[in-house]
Amino acid sequence: PDDVGFPLHGGSYVVQLHLSNLTGLSGQRDASGFSLCTTPTRRAQEADVLAFGTTRFTVQPRATFDLTCDLTVPAGFPEMHLLAAFPHMHKIGKSIHTVKLGPGDVALADLGGHDAWDFNNQPWIPLDATIKTGDVVRTRCVWENPTDAPVGFGEKTEDEMCYSFSLYYPKVQMSAFHWALPAFASQCRAKP
């Protein structure tokens, strides 16, 4: 929306670009880039990013692991408008979905996902949804580990993730609020 912006408050920022040349081909060139548009006019609403999902999992060797994590939005949070989602897993991810639940575990809003996860194609998904105190946000991640070693959460491509990054507004102004708080606070259960 025209009245929403992502604030830049001085300092430095990181733009991540992950390139892999796993077969070691020579002479490879990249034409990736990005555009950044800024304005000195502050918007009425500040946006921020939070992550639904979890950091607490291990996918056993030669196994499929199906994990569902629920977060009940805690008291004291304002109604948050979700603008976009960036579901994120790594190489052994198979699918990821986030939804807002209603009574009886009925999905009231699709908050982004991929039926067939593709590590090489990770777009932002536009959203128009709201969440508020008491709402339940459910993230389900499924992995298939073809290796002989367990794979757990981590930042390296060889590790795994179960995050649905969500761009929202208004920004929650709490000193203890961290972008990963929803993932840390979620309650998870594995499908038998």
Q. Is any side-chain heavy atom of Cys188 closer than 4.5 Å to a side-chain heavy atom of Phe57?
A. no
Q: Taking the side chain as every heavy atom from C-beta outward, state whether Leu71 and Phe52 have any atom pair closer than 4.5 Å.
A: yes
Q.
Looking at Cys69 and Cys162, are the sulfur gammas closer than 2.5 Å to each other?
A. no
Kindly check if the number of other-residue, nucleotide or ligand heavy atoms within 6.0 Å of [atom1] ([X]) is above 12?
X	atom1	value
Glu155	CD	no
Arg42	CZ	no
Lys171	NZ	yes
Asp128	CG	no

Q.
Using the rule given for ring pair (Phe, Tyr, Trp, His ring centres under 6.0 Å), can you reason through Trp179 versus Phe165, listing the C-alpha separation, both sets of side-chain angles and the distance that settles it, and then say yes or no?
A. CA-CA 9 Å; Trp179 63 268; Phe165 296 105; 5.8 Å; yes
Are [X] and [Y] in one and the same hydrophobic cluster, where Ile, Leu, Val, Met, Phe, Trp and Tyr link if side-chain heavy atoms are under 4.5 Å apart?
X	Y	answer
Phe77	Leu111	yes
Leu108	Leu82	no
Leu67	Val99	no

Q.
Under the ring pair (Phe, Tyr, Trp, His ring centres under 6.0 Å) definition, can you give me all pairs with a residue in residues 92-114, not counting sequence neighbours?
A. His114-Trp117
Q: Check whether the ring centres of Phe153 and Tyr163 lie less than 6.0 Å apart, and answer yes or no.
A: yes
[X]/[Y] ion pair, N-O < 4.0 Å:
X	Y	value
Arg43	Asp2	no
Lys132	Asp135	yes
Asp105	Arg138	yes

Q. Considering residues at least two apart in sequence or located in another chain, which fulfil the side-chain contact (heavy atoms from CB on, under 4.5 Å) criterion with Ala63?
A. Gln60
Q: Answer with yes or no whether the side chains of Thr139 and Ser164 bring together a donor and an acceptor at under 3.5 Å.
A: no
Q.
Once you measure the plane-to-plane angle for His88 and Phe119, does it fall in the parallel (<30°), tilted (30-60°) or perpendicular (>60°) bin?
A. tilted
